[in-house]
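Report on one structure; see the data block that follows.
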Amino acid sequence: MQKPGKSITVQTDALTPVAFGIPGSTPGGIRASLVNVDGSKGLVTTIIHIAPGASIPAHWHDEGAEAHYVLEGDFINDGVTHGPGAFITHPVGVVHGPHGSKNGCKVLTLQTAFVDPAHPDFRIAD
């Protein structure tokens, strides 16, 4: 049986990136274009903008898997630089990162669970 609902369409180039506070990240260095934050409408989707020299600490998520697709620039994951077209995915509970960028980047990030900014599913690794 098909479940009732509605697909969503978002013109991402019309979105304005907003400051995105990630615990332990470079203050002011991370912004996000919020594409879909409602898990009931499909994958939680953001475009993460990492400023030149900014970083996000190594971490894991308890509630959902996460995937990154590099759209522009140089995305550094665990010391390895990835360019446009790279796809990196992390199962639930797997430590990943640190993330960063030497010259700045835009990364499409997909998550299988809702990310509540007030109570993020974000556990910094030791």
Side-chain angles (χ1 to χ4, degrees):
M1 176 199 290
Q2 189 173 9
K3 194 172 185 178
K6 183 178 179 184
S7 297
I8 63 170
T9 301
V10 176
Q11 188 63 39
T12 60
D13 59 355
L15 297 173
T16 300
V18 296
F20 201 67
I22 296 176
S25 67
T26 304
I30 311 299
R31 295 179 302 132
S33 299
L34 305 175
V35 180
N36 176 39
V37 295
D38 184 348
S40 71
K41 294 181 179 177
L43 292 171
V44 174
T45 309
T46 54
I47 298 174
I48 301 295
H49 305 253
I50 302 176
S55 65
I56 299 168
H59 61 281
W60 76 91
H61 308 283
D62 290 325
E63 299 176 20
E66 181 175 63
H68 306 291
Y69 181 80
V70 182
L71 298 169
E72 296 177 5
D74 61 286
F75 176 66
I76 302 168
N77 179 62
D78 195 21
V80 178
T81 301
H82 304 275
F87 180 80
I88 305 158
T89 187
H90 319 286
V92 173
V94 171
V95 173
H96 52 283
H99 303 312
S101 181
K102 181 178 178 184
N103 299 302
C105 66
K106 285 177 31 176
V107 179
L108 176 67
T109 300
L110 307 168
Q111 295 173 298
T112 60
F114 171 69
V115 179
D116 179 356
H119 305 285
D121 174 28
F122 187 93
R123 312 288 183 253
I124 297 176
D126 292 329

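Residue numbers run from 1 in the order of the sequence given. These numbers come from the heavy atoms of this one structure, side chains and all, not from hydrogens, waters or symmetry mates.
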Single-linkage hydrophobic cluster, 4.5 Å side-chain cutoff, F20 and F122 together: yes
Spell out, as yes or no, whether a donor-acceptor pair under 3.5 Å connects the side chain of N103 to the backbone of P52. no
Co-membership, hydrophobic cluster, residues I47 and V70, 4.5 Å side-chain: no
Are L15 and Y69 linked, directly or through other ILVMFWY residues, by side chains that come within less than 4.5 angstrom of each other? yes
Check whether the side chains of S55 and H99 place a donor and an acceptor atom closer than 3.5 Å, and report yes or no. no
Note: V92 and G64 closest approach over all heavy atoms is CG2-C, 3.3 Å
Atom CG of L34 and atom OG1 of T45: how far apart are they, to the nearest 0.5 Å? 10.5 Å
When the aromatic ring centroids of H68 and F75 are compared, is their separation below 6.0 Å? yes
Where H49 and S33 come nearest, the two heavy atoms and their spacing: NE2-OG, 3.0 Å
List the atom of A54, the atom of G29, and the distance in Å for their closest heavy-atom pair. CB-O, 3.6 Å
Do V18 and V107 share a hydrophobic cluster, counting only Ile, Leu, Val, Met, Phe, Trp and Tyr and linking them when any side-chain heavy atoms are less than 4.5 Å apart? yes
Honestly curious: do V10 and L110 fall in one hydrophobic cluster under the side-chain, below-4.5 Å linking rule? yes
Donor-acceptor check, side chain of S25 to backbone of P23, threshold 3.5 angstrom: yes or no? no
Checking H96 against H61 for the ring-ring contact (aromatic ring centres under 6.0 Å, His included) test, could you report, in this order, the C-alpha distance in whole Å, the side-chain angles of both residues, the deciding distance, and whether it holds? CA-CA 9 Å; H96 52 283; H61 308 283; 5.1 Å; yes
Stepwise, does the side chain to side chain contact (heavy atoms under 4.5 Å, CB included) test hold for H59 with R123? CA-CA 5 Å; H59 61 281; R123 312 288 183 253; 5.7 Å; no
Heavy-atom closest pair, residues P91 and T89: CD-O, 4.1 Å
What one should report as the nearest heavy-atom pair of P84 and L71 is CB-O, 3.8 Å
I'd like to know if the side chain of S101 reaches the main chain of D74, judged simply by a donor and an acceptor atom lying under 3.5 Å from each other, with no hydrogens or angles considered. yes
So if I apply the side chain to side chain contact (heavy atoms under 4.5 Å, CB included) rule between I76 and each of T81, I50, I56, which one comes out positive? T81
Closer than 3.5 angstrom, by distance alone: can the side chain of D121 be matched with the main-chain N or O of E63 as a donor-acceptor pair? yes
Of I88, V35, L43, I48, which meets side chain to side chain contact (heavy atoms under 4.5 Å, CB included) against T109? I48
